[in-house]
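Structure, as structure tokens:
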Amino acid sequence: LVPCGTERRLAVSRFVSLNHPLRKKLPPARAADAAPDAGADAATVRRNQILDAALALMEENGYRDTTMLQVATRARASKNTLYQLFPTKQALFAALVARAAAAMNADLAAALDGAQPLEPTLRRFGVDLLSLLAGAQSLAINRAAIAEAHLAPELAQALAANGRENTAPLVQRYFAQ
């Protein structure tokens, strides 16, 4: 404690020891920090850590109330690294949408594997699609696109381009077989 001001009030130092119990603990950037994907290069792992942090913050705070500084802090990345990968918040959101869509399309493509009979395949596809669309990640992304549509229409455009416009051809190819 150090004296502060003319009334000699005592103020706590802005700097707190790393081991001090009052120090705010940062949550892990992502579960994969402990065991990164062996096939991914360091840049891809880092990019995914940042995207995971952004998604978690967006789920907690919404798109509008999530800042790039919060993302950098949660991901334990410098602002320079964040802005090198994602020059704008919209670019970060577009990358989140693209990553989620790629994962979803891979799952849906597996569900539409042509080797199975029609009814179980469609049932699996429907269950997988509903699970993905009703999941926390998808809800956070869709809420952001809807809430910010009037101010940032590019969010809705990124969602449409990476979402249904990528998924519909999977279903069309399945029925064409």
Side-chain angles (χ1 to χ4, degrees), residues 14-113 128-129 131-148 151-170:
R14 290 182 353 171
F15 303 100
V16 178
S17 162
L18 292 177
N19 297 323
H20 193 281
L22 293 179
R23 184 177 185 274
K24 181 181 175 187
K25 299 258 186 216
L26 292 174
R30 62 181 241 150
D33 279 348
D37 182 9
D41 65 350
T44 301
V45 169
R46 191 68 181 131
R47 185 177 193 278
N48 283 328
Q49 289 172 335
I50 292 170
L51 289 173
D52 290 342
L55 180 61
L57 284 163
M58 209 166 49
E59 287 174 1
E60 293 168 18
N61 306 327
Y63 176 82
R64 184 178 302 158
D65 293 331
T66 297
T67 67
M68 294 292 269
L69 179 59
Q70 289 172 326
V71 173
T73 301
R74 174 77 60 98
R76 296 187 182 131
S78 69
K79 288 194 300 184
N80 186 36
T81 298
L82 177 61
Y83 281 106
Q84 282 179 350
L85 292 170
F86 309 103
T88 64
K89 190 172 165 181
Q90 291 83 4
L92 178 63
F93 180 82
L96 271 174
V97 170
R99 184 179 75 160
M104 181 171 80
N105 286 338
D107 289 347
L108 294 179
L112 292 174
D113 181 17
D128 286 355
L129 181 61
S131 296
L132 291 166
L133 292 176
Q137 175 177 332
S138 183
L139 289 175
I141 289 171
N142 282 289
R143 283 181 183 141
I146 292 167
E148 301 300 321
L151 295 175
E154 63 274 7
L155 301 182
Q157 292 165 351
L159 186 60
N162 286 294
R164 66 177 174 267
E165 292 174 14
N166 278 341
T167 304
L170 293 173

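Everything quoted here is computed from the prediction, not taken from an experiment.
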Please report the closest heavy-atom contact between Ile141 and Phe93, naming both atoms and the distance. O-CZ, 3.5 Å
Applying side chain to side chain contact (heavy atoms under 4.5 Å, CB included) to Gln70 and Glu60, what does each step give before you reach the verdict? CA-CA 12 Å; Gln70 289 172 326; Glu60 293 168 18; over 6 Å; no
Listed partners of Ala102 passing side-chain contact (heavy atoms from CB on, under 4.5 Å), at least two apart: none
Steps toward side chain to side chain contact (heavy atoms under 4.5 Å, CB included) verdict (Arg99, Asp52): CA-CA 10 Å; Arg99 184 179 75 160; Asp52 290 342; 2.8 Å; yes
Can you list everything that forms a side-chain hydrogen bond (donor to acceptor under 3.5 Å, both in side chains) with Thr44? Sequence neighbours excluded, please. Asp41
What residues, two or more places apart in sequence or in another chain, satisfy side-chain contact (heavy atoms from CB on, under 4.5 Å) together with Ala72? Lys79, Leu82
Pairwise distance CZ(Arg74) to CD(Gln49) - rounded to 0.5 angstrom: 13.5 Å
Looking only at heavy atoms, which two atoms of Arg47 and Ala95 are closest? And how far apart? NH2-CB, 3.5 Å
In Å and rounded to the nearest 0.5 Å, what is the CE to CG distance from Met58 to Leu51? 10.0 Å
Report, one line per pair, each donor and acceptor closer than 3.5 Å where one atom sits in a side chain of residues 132-140; sequence neighbours left out.
from: Ser138; atom 1: OG; to: Leu133; atom 2: O; distance (Å): 3.4
from: Ser138; atom 1: OG; to: Asn142; atom 2: ND2; distance (Å): 3.1

With sequence neighbours excluded, what pairs up with Glu154 under the salt bridge (charged side-chain N to carboxylate O under 4.0 Å, His left out) test? none
Identify every side-chain donor-acceptor pair in residues 83-92 under 3.5 Å, counting partners at least two apart or on other chains, and give the distances.
from: Thr88; atom 1: OG1; to: Gln90; atom 2: N; distance (Å): 3.4
from: Thr88; atom 1: OG1; to: Ala91; atom 2: N; distance (Å): 2.9
from: Lys89; atom 1: NZ; to: Tyr63; atom 2: O; distance (Å): 2.7
from: Lys89; atom 1: NZ; to: Arg64; atom 2: O; distance (Å): 3.4
from: Lys89; atom 1: NZ; to: Thr66; atom 2: O; distance (Å): 2.7

